[in-house]
Amino acid sequence: MSYDVTTQRCGLAALFDLKGSRETIQNWAGDVLPPFPDGPNTRSEKNETELFHIGRDHWIVRSPLSQEDTLESRLNPADCPPDISIVRISDTLTFFRVTGRDTLDVMAVACPLDLHDSVFGPDAVTHTEAFGLKALVLRYADGFEIAVEQSFGDMIEDYLIRAIS
Amino acid sequence: MQRNRRAEGGRIDRSRPLRFTFNGKPYEGYQGDNLASALLANGVRVTARSFKYHRPRGIVGHGPEEPSTLVELDGEDASGNRPATTVPLCDGLSARSVNCWPSPGFDLGGVNQLFSGLLPVGFYYKTFKWPGWHLFEPAIRKAAGLAAAPASPPASGHFEARHAHADVLVAGAGPAGLQAALKAGRAGKRVFLADEGTEAGGSLLNRALTIDGKPAMDWVSGTVAELDALENVTRLQNATVWAYREHNLVMVNECDPDRDGILERSWRVRAGEVVIATGTTERSMVFGNNDRPGVMLASSVQAYLNRWGVVPGQRVVLFTNNNSAYAVAADLAAAGVSVSAILDSRRTVAPEALDLVAGLTVHLATVVSEVRGHKGVRAVKAAPATGGAGTWIECDLLAHSGGWNPNVHLWSQSRGALRFDDDLAAFVPDQPVQACRAVGAAAGDLSLDRIIEGGADLAYGIEPLWRVDVPGQRGMAFLDIQNDVTVSDVHLALREGYSNVEHVKRYTTAGMGIDQGKTGNINIIGTVAMQQGVPLQDVGTTTFRSPYTPVSFGAIGGLREETVLFPYRHTPVTRWNKDNGAVMYEAGARWQRPGYFPKPGEGLQEAVNRECRAVREGVGVYDGSPLGTFELKGRDVPKFLDFIYANIMSSLHPGNGRYGLMLSDDGLILDDGVVLRLDAHRWLLSTSTGHADAVNQHMEKLLQTEFPDWQVMITTVTSQWNNATICGPRSRDVIRALGTDIDLSPEALPFMSFCDGTVAGFPARIVRVSFTGELSYEVNVAPRHMAAMWDKVMEAGAPFGILPVGSESSHVLRVEKGFLSLGHEVDGTVDAYDLGMGWAMSKKKADYTGKRSVMLRRASGRVRRELVGILPVDPDRQIPEGAPLTPGGRKEATEGLVTACVWSVVNNRWVGLALLENGHSRHGEIAHVRMKDDVIPITITKPVFHDPEGKLMRS
Amino acid sequence: MQKYSVLSLARNAFSGHRNWSPAWRSPPLKNRYDVVVIGAGGHGLATAYYLAKEFGITDVAVLERGWLGGGNIARNTVTIRSNYMRDESIPFYVKSVAMFEGLTHELNFNMMHSKRTMVDVVQTWPKLRELRRRQLVMDIYGSTYEQITSEELRRRIPALTGGGPDARLPVICGMVHTDAGVNRHDAVAWGYARAADARGVEIHQQTAVQSLLRSRHGTIEGVETNRGTIRANKVVVAVSGHTTTLTETAGLKLPLRTMNLTAFVSEPVQPLVDVIVNCPDSGFYFSQSDKGEMVIGGAPDMGQSFRRDIKQHVFEDTVTAMLSLFPSFKKLKLMRQWGGHLDISHDASPIMDQTDIAGLFVTAGWWGGYKAIPAGGLTLAHLVAKGEPHPLMASFTMDRFRHLDFVMEAGTTTAR
Amino acid sequence: MLLIPCPYCGKRNECEFIYGGPVGAKRPDPNAVNDAEWVEYLTVTPNPQGPVQEKWWHARGCGEWLVIWRDTRTHDIMEAPDDAT
């Protein structure tokens, strides 16, 4: 019997890396971004656009790929103020979704982090380790999303198949 | 016929018989048995032969402490060196004794017993010296080793390793562990309870005790039921806590988890608190022939009786120095077993203990000095503890108890201190160091009434006896049954000056077996103490190392194997490469890259020649995606780049790029790469493939720890940009054919510049860099377009004969140009001047990383090895990379080495690069490569064999 | 010294082995010696032995904080080899290997030296290039290193069934170093101790040096111990990972760091592998002891450490790498694991020198240094006796750091 | 496997971090020190049996470089000792 889990390798999303002071970014981006999430390693969402607070003065914004050009033109990385950095990174991450009854079993193999809901809440998002790689981990519906550097995508797919069978 | 099985009682299921074989003979046991209980039930006495003397041995214990009977399992579950006491019986099980041939009953190795006088401890060190150890080693190796090595991995199933987190981890589901787990569980804490047994209960499974007047096992099942109903409690059986590591990381090995296909599961549990409830292990008494089959631990006799319904002997003598054996005697008597005598080394015994065995013969101040019987106990000699004539008592089972050791292994692994408790005559946990506590018997509470309210038990009442020492005693008295170490061995070691207990252990190998001396180590320490006339605690204890019991490597490894052993990285072109016959290599930073693209029937050299010729004469393309790429932004980027690169970067204008060397502060070359200035504030930095992570670390470390005030923001974009690098005289034609809105003329897009636009309809950035020395365009696109882009390049390039170029050809092309390769020419001693790249070391800058060190090193005046080109005097003579150069080709200290040697299609000969002492001033000279039996003359040249002025790449 | 032989064994058998004399004395501690050696490990004991034997300096005390032979020598994986890359290193290790081979007879103590060959399992082309580079330089110095095909490699190591064409890192070929061997580490310590003792050297266990004593002129004049002050004009520090702890008591800073290297053994099984197997690309090595245990080592932990246990993830890396090449070991069981202190210098090469404090000698930076014991002891004795480095160790003085002229010996056994 | 406190993420497994070496002397102005001082700065790092101050990079986490005190005898991570400078 294998684990009752569904895994899915997701298509591209629009991703932008934001660095610098929150005020400057907020002022520059205006209402294109959701409200900034409160705590470290949490996220906020508005109109399908999510904002991950994943480091000191560091965020990632995610939207459906269809929004990429709009976001690019609104965030305008080339012309943003010199003391903030906005970089398109849509292609740098490959997202996997792990859902189903035994999701936590598979995540326990993949990830050393405590993902118990009392510790890793519904709005949690963080960089950690998954299958030995740097990974972005967040809750998704009744499961989790794991994102790794795009070039490792095939390897994670390989590993996930091993972990669930 | 299970002749030693009681008609009723025990935790076995008599309605489910199981058939098994032991050393080829068929037997029957019951569901709930382990191999040892089933063998005892069948009256099998000789179950093993000893390691050195091949003495017959039987079953001694009932759990992981078993020192004597190790078995190998056949078939699907094949594995070796398993204590028979830890092998759950299953239908069809086939087991064999290790270490004897042909069988334990008739073992040819038994002749060693006759020569035991010639085999004292340490005899290896004194003999087998002449003419050499190699003469004796094979035979000695064959004699050792216990079980056969596994021949194959498990035929089916796999291992899993996973992480877990708990507020409280409880090790052991005996009375103390269950109680601790229940308390924490009721308080809502996340509890992880792991127990090595097949069912919970610990010692209560083996003993006929009561709690609040009811059978103790009723309490166990009630507690287990409540725990299992709690969502916040994870309870595992067959799960041994085998290691306690730093910061409360605890390793648990779960056998046969409740899931098909998983053989074992390794848990890495990070716990807020660890409760060590690991119970105790009974220790042996040490007397003559204390290893004979039928000499068993008293608690084990009790366990077989109560838990498995097995009576291991018909006429029993008990030998003890504490009260626990009295309960054993009482249980035996109640079961109708004949108890011939209880021999107690103590002078007085508490009345409660005596009351328990009313009607049985008790001899106080009496010891067993010797056992008679070869393949089984026939009689024991009861002797006055103070000396004097003894009397023989006939029996077929001697149950002995030398007292109890709290199982402090995990405590000790946690770095918690141990203290010798005189009342308990044992090492017990002292002050904790990590967040843990010991409870129950593991903490020294050796009777149930001290652990649980309402528990009824005898007080412990020990008077230690580390070994029986009465005049006229005969027979080998074993301290370590598994490694055949006797009291006289320890005495000899001490006489020879091996006086520290660690020396004793190592000289005698006592306590170094698979059981790690669980029943005997303290007796070794006690024996040393007695001989040296010092208190036991002054002799010291030995270190308890992980694992507590052996753990299979498969479980430790988990799923990480085969293709996912190490990470691997693909680019969008990897699939195309494989489909087009590329021989794939492991490149730096875990990338899989094409080495070369042989046509059918073609070897490496032909393929490489073909690819190189395409680049030099037509056009080639390679996938440059793995190069590390970082976008830098912030007001201090220019200052920062000037600090980390040896040359000046700040003067770059937007739209241009510059090559530079990055040094470490001790002046060694860390990386080389190209920096592009995108606009006033944004810079793009590329690194060599293998050093991308190291450069990222270097930059972030400087910025965050040395220069926190500098404003530089770094984003890794290695995988935001892929590139197809199109190179060769026809490369411009290919890009034109692809279609682009970028002006490709040398005036508009000169060497070391770049421009953004579209290529083949994709958003692209063209960068004019060259690692081949040819006209070259790096066409950067987003990975989502890369595969399509690549197809279009091959299509558009076809009329020009475009070929894909692998890393082998890239190597040839860069050697022909004398371009640096970190993996070849840079080996930790070479600096930029040695490489003829002094131009990359800024003179203007007062300081940059590595400058001071390079200057300091060069000031020593020591001879430098400098980069030169080499031409073998025989143009058809290939020189192996790495070959040493020696003065005159003599066999003496080297003066350099060949770093690369390639067949140059443009020169139609072998050419190469070398690092040679004072090489820059030796152009034109002949130097010599020293091979093992050969000297190869080479001509020293400038390190460039193609287009020395660099006109082509600038064209 | 009582001679050990089959005859003496038989003779003693008749007397119930009651007449064996102690392997070393326990003499009273004097308050002055010509030379004090700190550390009764392999290097300290060997140095004392060669001081007495080669240079006639017998007024030597070896001071040991714990029990003799209880440091790195008690916890290493006993690999003896000379497959190095640089001119500075190879001749030294060639000498050390040769000395090890003769040690049983020299010391009349069976070291159980088993010259059983080391085989490198090569899985990447850059590693092969590096090893072939070593091979050609080693040829100059008479050390043997030969490439074999992967078929030949699998014939010599039948248990090597992983690393096939579809594996993450397929096996490319092997490199065979026939000079390599293993022996019995305790025997090396005890053999040197016994032989040094017989030549008059005193070994004092449970004698902890707390600080080094300097004269008014700054030279060394002795050591302070838990058993009082001991004077000597020459003091040798041979304490591996504890070197800086001691030298700092005399105000001397050295470019050394102490790290933790772990090893582990499997349960004993019947003979399976008769060579030392080294897998530099995967990051582990092992050999099978005469008792049948697989003795396995991997890469050191990164941080500084004076602990002697093991980090789980470092251990797991080694195990997984091993299982990938030796999948049948999945059913083999771990029996015991431990760690030792490595002393690693700034350039990862050893340091043997008279320090800035006249009379104070150090030998350090050996990464444990088991295979260097005989030649390390001999060359250090030479340095102490003659005041100048032995030619084999001339490149390993502190001088190289003054000019940042490092000796970079790329590729210790498991460097990936 | 240490549990290392990251100021941004909280306690995380050692596997998420890359060791960055002990905190040594501050980099001197290379033009203001003599050779011996420069060499000592480069090659000599603290190697105490006890608390050592060291750098770790939360490379698989938030990217923070952090400094902790760790006892090399026990691997305990602790507050800065009183006499720390």
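These numbers come from a predicted model, not from an experiment. First the proteins, then the strands, lettered A, B, ... as listed; each starts at 1.
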Under 4.5 Å to a heavy atom of chain C? For B/Arg890 that would be neither
- Any side-chain heavy atom of B/Arg560 within less than 4.5 Å of one from C/Asp317? yes
Looking only at C/Ala159, C/Ala74, C/Ala189, the option with the highest number of non-hydrogen pairs under 4.5 Å against chain B is C/Ala74
request  = Give the ring-plane orientation class for B/His503 versus C/Trp67, where under 30° counts as parallel, over 60° as perpendicular and anything between as tilted.
outcome  = perpendicular
- prompt: Is C/Lys311 salt-bridged to B/Glu246, cutoff N-O under 4.0 Å?
  reply: no
Residue set satisfying salt bridge (Lys or Arg N to Asp or Glu O under 4.0 Å) with C/Arg194, at least two apart, ordered chain then number -> none
Paired with C/Phe109, the ring-ring contact (aromatic ring centres under 6.0 Å, His included) test is passed by just one of B/Trp133, B/Tyr125, B/Phe128, namely B/Tyr125
- Are C/Asp139 and B/Lys891 within salt-bridge range, i.e. N to O under 4.0 Å? no
If one checks every heavy atom of C/Ser289 against chain B at 4.5 Å, the contacting part turns out to be backbone
Of the listed C/His105, C/Met322, C/Arg132, the one with the largest count of heavy-atom pairs under 4.5 Å with chain B is C/His105
Applying a strict 4.5 Å limit to non-hydrogen atoms, the region of B/Arg245 in contact with chain C is side chain
Taking every heavy atom of B/Glu892 against every heavy atom of C/Tyr141, the minimum-distance pair comes out as C-OH, 4.3 Å
If one checks every heavy atom of C/Leu323 against chain B at 4.5 Å, the contacting part turns out to be side chain
If one checks every heavy atom of C/Asn12 against chain B at 4.5 Å, the contacting part turns out to be neither
Rounding to 0.5 Å, atoms CG (B/Asp515) and CE (C/Met335) come to a distance of 9.5 Å
Answer key: most heavy-atom pairs under 4.5 Å with chain B among C/His17, C/Lys115, C/Gln206 is C/His17
Rounded to the nearest 0.5 angstrom, the CG-CG distance for C/Asp405 and B/Leu856 is 9.5 Å
*Taking 4.0 angstrom as the limit, do C/Glu146 and B/Lys932 come out as a salt bridge?*
yes
The interface call for B/Arg506 against chain C, heavy-atom contacts under 4.5 Å, is both
Cut-off 4.5 Å, heavy atoms of chain B, and the answer for C/His313 is neither
On a heavy-atom basis, the closest approach of C/Arg168 and B/Phe566 is NE-O, 2.9 Å
Honestly, the part of C/Val273 sitting under 4.5 Å from a heavy atom of chain B is backbone
Rounded to the nearest 0.5 angstrom, the OG-CZ distance for B/Ser860 and C/Arg402 is 13.0 Å
If you tally heavy-atom pairs under 4.5 Å between each of B/Gly558, B/Pro567, B/Pro880, B/Gly588 and chain C, the highest tally belongs to B/Pro567
Nearest heavy-atom approach of C/Arg133 to B/Leu897 is NE-CD1, 3.1 Å
In terms of heavy-atom pairs under 4.5 Å with chain C, the winner among B/Arg930, B/Glu264, B/Gln516 is B/Gln516
Would the distance check show the side chain of C/Lys333 and the main-chain N or O of B/Gly80 forming a donor-acceptor pair, the cut-off being under 3.5 Å?
yes
- Message: Heavy-atom count check: over 12 atoms from other residues, nucleotides or ligands less than 6.0 Å from C/Trp338 CH2?
- Response: yes
Interatomic distance, CD@C/Glu267 vs CG@B/Leu70, rounded to 0.5 Å, equals 9.5 Å
So CG of C/Leu7 and OG1 of B/Thr127: to nearest 0.5 Å the spacing works out to 11.5 Å
Applying a strict 4.5 Å limit to non-hydrogen atoms, the region of B/Leu668 in contact with chain C is side chain
Below 30° counts as parallel, above 60° as perpendicular, anything between as tilted: where do the rings of C/Trp190 and B/Tyr507 land? perpendicular
Correct closest heavy-atom pair for C/Leu334 and B/Trp242 would be CD2-CZ3, 3.7 Å
When the 4.5 angstrom heavy-atom criterion is applied to C/Ser21 and chain B, the contacting part is backbone
Most contact-rich option vs chain C, by heavy-atom pairs under 4.5 angstrom, among B/Thr563, B/Val551, B/Val929, is B/Val551
In C/Phe264, C/Phe284, C/Phe315, C/Phe329, the residue satisfying ring-ring contact (aromatic ring centres under 6.0 Å, His included) with B/Phe553 is C/Phe264
From the list B/Gln592, B/His491, B/Met931, B/Met251, the residue making the most non-hydrogen contacts under 4.5 Å with chain C is B/Met251
Can any side-chain N or O of C/Asp87 pair as donor or acceptor with the backbone N or O of B/Ala893 at less than 3.5 Å? no
For C/Val269 and B/Ala148, the nearest pair of non-hydrogen atoms, with its separation, is CG1-O, 3.9 Å
In terms of heavy-atom pairs under 4.5 Å with chain C, the winner among B/Gly497, B/Gly554, B/Pro153 is B/Pro153
Among C/Leu169, C/Val6, C/Ile90, the residue with the most heavy-atom pairs under 4.5 Å to chain B is C/Leu169
Scored by heavy-atom pairs under 4.5 Å with chain B, the best of C/Gln288, C/Glu88, C/Met111 is C/Gln288
Applying a strict 4.5 Å limit to non-hydrogen atoms, the region of B/Ser488 in contact with chain C is neither
Rounded to the nearest 0.5 Å, the NZ atom of C/Lys127 sits from the CD atom of B/Glu586 at a distance of 13.0 Å
Are C/Arg116 and B/Glu137 ion-paired here, with the side-chain N under 4.0 Å from a carboxylate O? yes
Turns out that what part of C/Val319 lies under 4.5 Å from chain B's heavy atoms comes down to side chain
Bottom line for C/Ile296: the part with an atom under 4.5 Å from chain B's heavy atoms is side chain
So, the part of B/Leu492 with a heavy atom under 4.5 Å from chain C: the answer is side chain
Practice item. Give a yes or no on whether B/Arg858 atom CZ has more than 12 heavy-atom contacts from other residues, nucleotides or ligands under 6.0 Å away. Key: yes
Applying a strict 4.5 Å limit to non-hydrogen atoms, the region of B/Leu249 in contact with chain C is side chain
When the 4.5 angstrom heavy-atom criterion is applied to B/Glu561 and chain C, the contacting part is side chain
One option among C/Pro327, C/Gly163, C/Ala13, C/Gly66 has the most heavy-atom pairs under 4.5 Å with chain B, and it is C/Pro327
Residue set satisfying side-chain hydrogen bond (donor to acceptor under 3.5 Å, both in side chains) with C/Glu64, at least two apart, ordered chain then number -> none
Minimal heavy-atom distance between B/Pro150 and C/Leu332, with the atoms involved, is CD-CD1, 3.7 Å
One option among B/Gly122, B/Gly557, B/Ala555, B/Pro550 has the most heavy-atom pairs under 4.5 Å with chain C, and it is B/Pro550
Original post:
Side chains of B/His824 and C/Arg129: donor-acceptor distance under 3.5 Å anywhere?
Top reply: yes
